[in-house]
Amino acid sequence: MSERLDVMKTYKLLIKGQFLRSESGRTYEVSDAVGGFLANAARASRKDVREAVVAARGAQASWWESSAYLKGQILYRWAEMAESRRRDLADLVQRAWGIGEDEALEDVNAAIDRLVWYAGWTDKIAQVYGGANPVAGPYFNFSVPRPCGVVAAIAPSNGSLQGWVDVVAAPLCAGNTVVAVASHEHPLAAFALAELTATADVPPGVLNLLTGDLAELAETLARHEDVDGLDLTGAGEFATAMAEWSADSITRTYRPHPGDDPTRRLRSFIETTTVWHTMGY
Amino acid sequence: MRVPSVERRPSFADEVQLRRALDHLSGVDAVGVTHRVAKLATRSLKTSTKSRAIDLALSMIDLTTLEGSDTPGRVASLCAKARRPDPEDPTTPAAAAVCVYPDLVADARRHLEGSSVAVASVATAFPSGRAPLSVKLADVGAAVEAGADEIDMVIDRGAFLSGRLGQVFDEIEAVKAECRGAHLKVILETGELVTLDNVKRASWLAMWAGADFIKTSTGKVSVNATPTVGLVMLEAVRDFAEETGSLVGVKMAGGIRTTKDALRYLVLINETVGSRWLSPDLFRFGASSLMNDLLMQRTKQRLGAYVRPERFSGD
């Protein structure tokens with residue numbers, strides 16, 4: 001019997017619930033910790049950014065309007081799917097980083113736990129960050145947190161799965177939709193986790209994931225008017241430039257500080273609407 | 001039957017002659033047409049060519065609102081948009097026309113006074129065309145009376161499909177006379193004509209009967225303008241021009257929403273009938289949402305950044 005050939009996977013983009021090649025047709029090689037070939041991944045172009053933003057915009061209103069309970073259930077479901085694939089995810093993390101199995105599993109576990117934590121946040125944001133405000137007059141006054149809209153999230157370049165969950169799940173649980181750019185060097189585990197959204201009832205377009213070269217995508221993403229929030233966690237050398245580009249269209253930006261309270265990211269992608277209403281009658 | 005108004009358009013003594021003339025048209029090679037359309041769709045326009053094509057497409061738009069819920073206010077905002085599609089950039093070309101139902105023509109006329117934008121009106125019991133001829137003519141007359149520069153009529157598809165070609169021909173002629181100088185666009189409703197051969201025959205019939213434009217669709221049936229049908233109609237127009245010397249326009253209507261689609265049609269025109277037709281005098285898009293997509297692309301070219309749809313007024 002002849003020797004079996006490995007079936008190598010090409011990692012595609014996730015746009016509007018579909019796994020697509022880059023519009024440009026390009027791919028790049030992803031290597032493991034010692035420089036060996038791991039897989040081919042799609043190298044997204046500016047037009048892929050445009051398509052992803054259109055998809056995210058299209059999905060945003062209905063994602064936000066779905067009940068907090070449902071959003072929580074969906075994110076929790078995603079964690080459930082990930083739980084049953086822990087070993088596969090850990091394997092990808094392990095090969096990418098060249099670390100031990102236990103250490104890899106630790107990152108995966110932390111990522112899944114974070115996902116559950118964010119799932120829990122969906123129905124608490126309004127209570128914690130909203131409120132009924134005392135005012136001097138015969139009025140009710142409410143502060144209601146609302147999502148920014150479409151958030152572009154640059155995943156940490158070290159490829160930490162937990163870090164990736166943070167940048168995508170924080171805006172998602174507040175009712176934003178997300179266009180995420182995975183780490184250029186270590187996109188595989190993030191992509192494998194994102195693939196699970198297809199079986200977790202995450203509506204198409206709510207989470208879109210691009211892989212590729214940030215140098216090529218940064219300006220398009222940051223200057224895109226229809227991007228309302230920008231998480232610069234993994235933007236590295238481009239962070240300042242991206243923040244400047246995004247200022248043209250008044251985009252909320254988040255840059256992590258050492259010792260950040262994890263809710264700071266959550267709060268960064270919330271707008272507060274204040275409503276006045278007359279009392280009585 | 002009266003003699004066709006344009007010189008060198010043939011006249012037909014009776015329906016038998018008309019039918020014979022239509023039967024003499026060669027059949028449409030559907031596979032070839034599909035292939036050619038697919039091939040031309042791979043052409044890509046870039047940079048300055050793209051910018052010019054976007055401006056050209058904008059100038060070819062018949063900005064259309066044909067809903068039962070249309071109000072004078074909606075027509076007013078549509079007219080304002082047609083005159084100046086992008087208030088932030090006065091170099092943006094105006095639309096070719098605003099297309100409304102006959103009862104709103106007077107409103108549109110008033111709002112478009114002093115601009116280059118024409119008023120077009122659908123008539124002849126649009127969209128089904130199911131009314132007695134006298135009613136259709138009254139419909140046309142009212143629209144012209146109210147100030148319409150262009151009339152979009154529908155053909156009687158029932159008559160065409162059941163072979164009463166003379167009736168279709170006579171109706172177009174009668175409407176043409178009622179137009180009193182207003183440009184006549186004849187809607188073939190290609191989505192209901194079943195075959196490309198029928199599209200070709202209907203195109204020739206309409207042109208012989210005096211159409212200034214042939215138009216694909218009402219936008220009210222499930223199948224609207226397609227590039228395939230567009231190519232067949234453009235070829236008919238080309239052959240008609242060669243045979244008779246008169247230039248007939250083409251209007252693609254319904255379902256064209258993106259800049260990419262619009263630019264593909266421009267390529268199709270250039271490769272089929274030539275650049276003479278790359279003008280609002282001889283080619284139109286019947287659309288409403290297309291305009292915003294063109295404006296978004298135009299602004300993208302200008303600013304270098306993708307823009308949000310909210311930048312432009314909704315329709």
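Just so we're on the same page: letters track the sequence lines, and every chain starts at 1.
Around CZ of B/Arg276, the count of heavy atoms belonging to other residues, nucleotides or ligands within 6.0 Å does not exceed 12. Environment of CZ in B/Arg257: sparse, with no more than 12 heavy atoms of neighbouring residues, nucleotides or ligands closer than 6.0 Å. Atom NE2 of A/His277 sits in a sparse spot, with 12 or fewer heavy atoms from other residues, nucleotides or ligands closer than 6.0 Å. Annotation: B/Lys220, atom NZ; neighbour count of heavy atoms from other residues, nucleotides and ligands within 6.0 Å is above 12.
Closest heavy-atom contact between B/Tyr306 and A/Arg50: CE2-CD, 3.3 Å. In terms of heavy-atom proximity, A/Arg223 sits nearest to B/Ala305 at O-CB, 3.4 Å.
Checking side-chain atoms of A/Glu225 against main-chain N and O of B/Arg308 turns up a donor-acceptor pair under 3.5 Å.
Residue A/Thr220 holds its OG1 atom at 7.0 Å from NZ of B/Lys300, rounded to the nearest 0.5 Å.
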